[in-house]
2 protein chains.
Amino acid sequence: MVITVRGDIELVARAGHLFEGVTREFVCAARDLSTWAQPQAREAVRRRMAWSPGGVGVRKLLSPAALAGEESRRHLRLLAARGVQVRIASRPLPYETIVIDRSYAIMAGDPAAGVREYTVTDEPALVGGVWSLFDGVWEAAVELEAYLGTDRPHLDDAERAVLRTLSLGRTDEAAARTLGVSLRTYRRRVAALMAALEAETRFQAGKRAGELGLTS
Amino acid sequence: MVITVRGDIELVARAGHLFEGVTREFVCAARDLSTWAQPQAREAVRRRMAWSPGGVGVRKLLSPAALAGEESRRHLRLLAARGVQVRIASRPLPYETIVIDRSYAIMAGDPAAGVREYTVTDEPALVGGVWSLFDGVWEAAVELEAYLGTDRPHLDDAERAVLRTLSLGRTDEAAARTLGVSLRTYRRRVAALMAALEAETRFQAGKRAGELGLTS
DNA sequence: AAGGCGATGGCAGCTTCCTGCCATATACTC
DNA sequence: GAGTATATGGCAGGAAGCTGCCATCGCCTT
């Protein structure tokens, strides 16, 4: 069974009961928090949320863009406090996706289009496949608190350059030469980088950089 | 449009033309290489593959289980040599998935069932969503060569212990003391760990450890 | 012009790290 | 027992890394 609806209101009308019928699991991937802008939709979601403490696993997967505003962060933290698992994926997820109880999948159409289309299905292969892919992305994504906590130390150009030479395994002397600065300055910058990464040793700095995926 | 077929043969009969009509992109996620066991299916895939050099981007995403046998590895390397991008996801992907030209999605049903069911669709929202999720997993997955190369360096207890002390930022002397070995031995083990991580400096070792998620 | 400020470079001394060499110990094989 | 392999510890010398101090330079403000 596959149905396609246009817009939030029609979605709620046709598939709203699915939201309220969640018994075990509700997973949701989205680029940001702007979906469900319609009051009716939000209301339906809220009604569902009220049940969540009762054993329904709710997982919300978002892209970093969802953390843009301070308000968004507060909202997400609130959700997390209510038991919703929130993770941040490294890439945007333009097509919003919902899987309910591993039985129904709801996917939003191209966001570039005007009125948003939603496709709802209960085909086992589709639902299973989508859920499985979701789970893969979920596994690779990082916990909200961890993401906010690390606070992604913003490195300036000099620090990035230092990071690169360190990653190459050069000696300080060679690195300083390639960067065109003195040994003293280079080491000062290494010290600055380590401070930025809250590391006391170069090993710790490297580990931190690796964990944060600072490749450059 | 959504159709469901039972078994490889019927899939090829009903959707085989999709494989041969690839023009831009062919992506595929699977747990292992056992799919397409049927000769007809393999043949269809092979015909498709013959075109791939002509600009079709082929991405194959597998779980580590696909690397079980030496034969599998050879096969994958062969594919890679032919221009197929092969990556290994960290988790198994029980539901096999194919997306062709971002226009058609084919998803296999529960592998536990007897005859395998396949669902084929061209619903934009479904295809787009599946593709997007695939891309997310893909991004988090690791290149075949990198995976085989690094081969998840298996660290013994001694190396794990060293890793822990290094992560704590202790000096070698303190670390050696807490581990109850001499300074010389401790440093030998650090050198061994660095060799295992293919690192030339402690920074690189830390980075590698961070990237590999070696927390302990 | 004068002064403050921040980044740089040189120097020096210190700590830490790295490794080759040798001696010892333990275990395993023949 | 003799021989071999492997892990350990000590020592020493060298390489690399760290940082305090001071002088210099460019830039900005007053």
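Below, chains carry the letters A, B, ... as their sequence lines are ordered, and counting in each starts from 1.
- With sequence neighbours left out, the side chain to side chain donor-acceptor pair (under 3.5 Å) criterion links T201(B) to no other residue.
- Not counting sequence neighbours, the partners of A174(A) by the side-chain contact (heavy atoms from CB on, under 4.5 Å) test are R170(A), T171(A), R177(A).
- Applying the salt bridge (Lys or Arg N to Asp or Glu O under 4.0 Å) rule to E123(B) yields no partners; only residues at least two apart in sequence or on another chain are considered.
- Every residue two or more places apart in sequence or in another chain that forms a side-chain contact (heavy atoms from CB on, under 4.5 Å) with A205(A) is listed here: M194(A), L197(A), A199(A), F203(B).
- Boundaries of the chain B contact region on DNA chain D are dT8(D) to dC11(D), first to last in 5' to 3' order (nucleotide atom under 4.0 Å from a heavy atom).
- With sequence neighbours excluded, the residues that form a side chain to side chain donor-acceptor pair (under 3.5 Å) with T185(A) are S182(A).
- Applying the salt bridge (charged side-chain N to carboxylate O under 4.0 Å, His left out) definition to pairs two or more places apart or across chains, those involving residues 181-194 of chain B are D172(B)-R187(B).
- By the ring pair (Phe, Tyr, Trp, His ring centres under 6.0 Å) test, F134(B) pairs with W138(B), sequence neighbours left out.
- Scanning for side chain to side chain donor-acceptor pair (under 3.5 Å) contacts around Q204(B) gives an empty result, with sequence neighbours left out.
- Counting all heavy atoms, side chain and backbone alike, T23(A) lies closest to D101(A) at N-OD2, 2.9 Å.
- Taking R102(A) as the reference, nothing meets the side chain to side chain donor-acceptor pair (under 3.5 Å) condition, with sequence neighbours excluded.
- Each end of the helix from dA1(C)-dT30(D) to dC30(C)-dG1(D) gets its own axis, taken as the rotation carrying the C1' atoms of four end pairs onto the next four within a five-pair window, and the two axes meet at 30° to the nearest 10 degrees.
- Of the residues in residues 182-195 of chain A, those placing a heavy atom less than 4.0 Å from an atom of DNA chain C are S182(A), R184(A), T185(A), R188(A), R189(A), in numerical order.
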